[in-house]
Amino acid sequence: MSTIIDCPYCESEGRKSPIVIEPNLLLQGKSFTCSCCKSELSLKPQSTNVFERGLKAYQNYQHVTASLQDAGNTPSLA
C-alpha cells in the first residue's frame, strides 16, 4: 500500500513535489527520498510504536469499510 505525500521542504519553498512512501517499509526503517530536492523522510526510532499503532488502526478501518461495501445495502456490524 503506497502513500503519496507532498515533500514538506518543497512545499515550504512553494513547490509541489510528491514523495511516494510504503508505510510498512517506513516502519522497518527504510527512508524515502524526494525526487526534486533529495530530502529524506524516515521515522525516528522512538516514533515507531506510535506509527505502528496508527497504521494498524488504519488497516482495520480499511477492512471494516471494505466489509461494509461488500454487504451492499444490508450491512451488518458484528
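Hydrogens, waters and symmetry mates are skipped; everything else that's a heavy atom, side chains included, is used.
- Interatomic distance, S47 OG to E52 CD, rounded to the nearest 0.5 Å: 12.5 Å.
- Looking only at side-chain heavy atoms (C-beta outward), P18 and C7 stay at 4.5 Å or farther from each other.
- Here the CG-CG distance, from N60 to L55, works out to 11.5 Å after rounding to the nearest 0.5 Å.
- Scanning both residues, Y9 and C37, for their nearest heavy atoms gives CD2-SG, 3.9 Å.
- For the side chain to side chain contact (heavy atoms under 4.5 Å, CB included) test with C36, the passing option among K16, E13, R15 is R15; the others fail.
- S31 contributes atom OG, which lies 10.5 Å from atom CG of L25 (distance to the nearest 0.5 angstrom).
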Worksheet entry | H63/S67 under side-chain contact (heavy atoms from CB on, under 4.5 Å): CA gap, chis, key distance, verdict | CA-CA 6 Å; H63 177 71; S67 295; 4.0 Å; yes
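- Of all heavy-atom pairs between L26 and F51, the closest is CD2-CZ, 3.8 Å.
- Here the shortest heavy-atom pairing between T33 and E40 reads OG1-CG, 3.7 Å.
- Taken to the nearest 0.5 Å, the CG atom of L43 stands 8.5 Å off from the CD1 atom of I21.
- Legend: residues meeting side chain to side chain donor-acceptor pair (under 3.5 Å) with Q59, ordered by chain and number and at least two apart, are absent.
- Between D6 atom CG and S12 atom OG the span is 11.5 Å, to the nearest 0.5 Å.
- Within the model, atoms OG of S39 and CD1 of I19 stand 6.5 Å from one another, a figure rounded to the nearest 0.5 Å.
- In this structure a side-chain-to-backbone donor-acceptor pair under 3.5 Å is present from K38 to S35.
- At least one test fails for K56 against the ring of Y58: distance under 6.0 Å to the centre or angle within 45° of the axis.
- Looking at every heavy atom in both residues, S2 comes nearest to V20 through CB-CG1, 4.0 Å.
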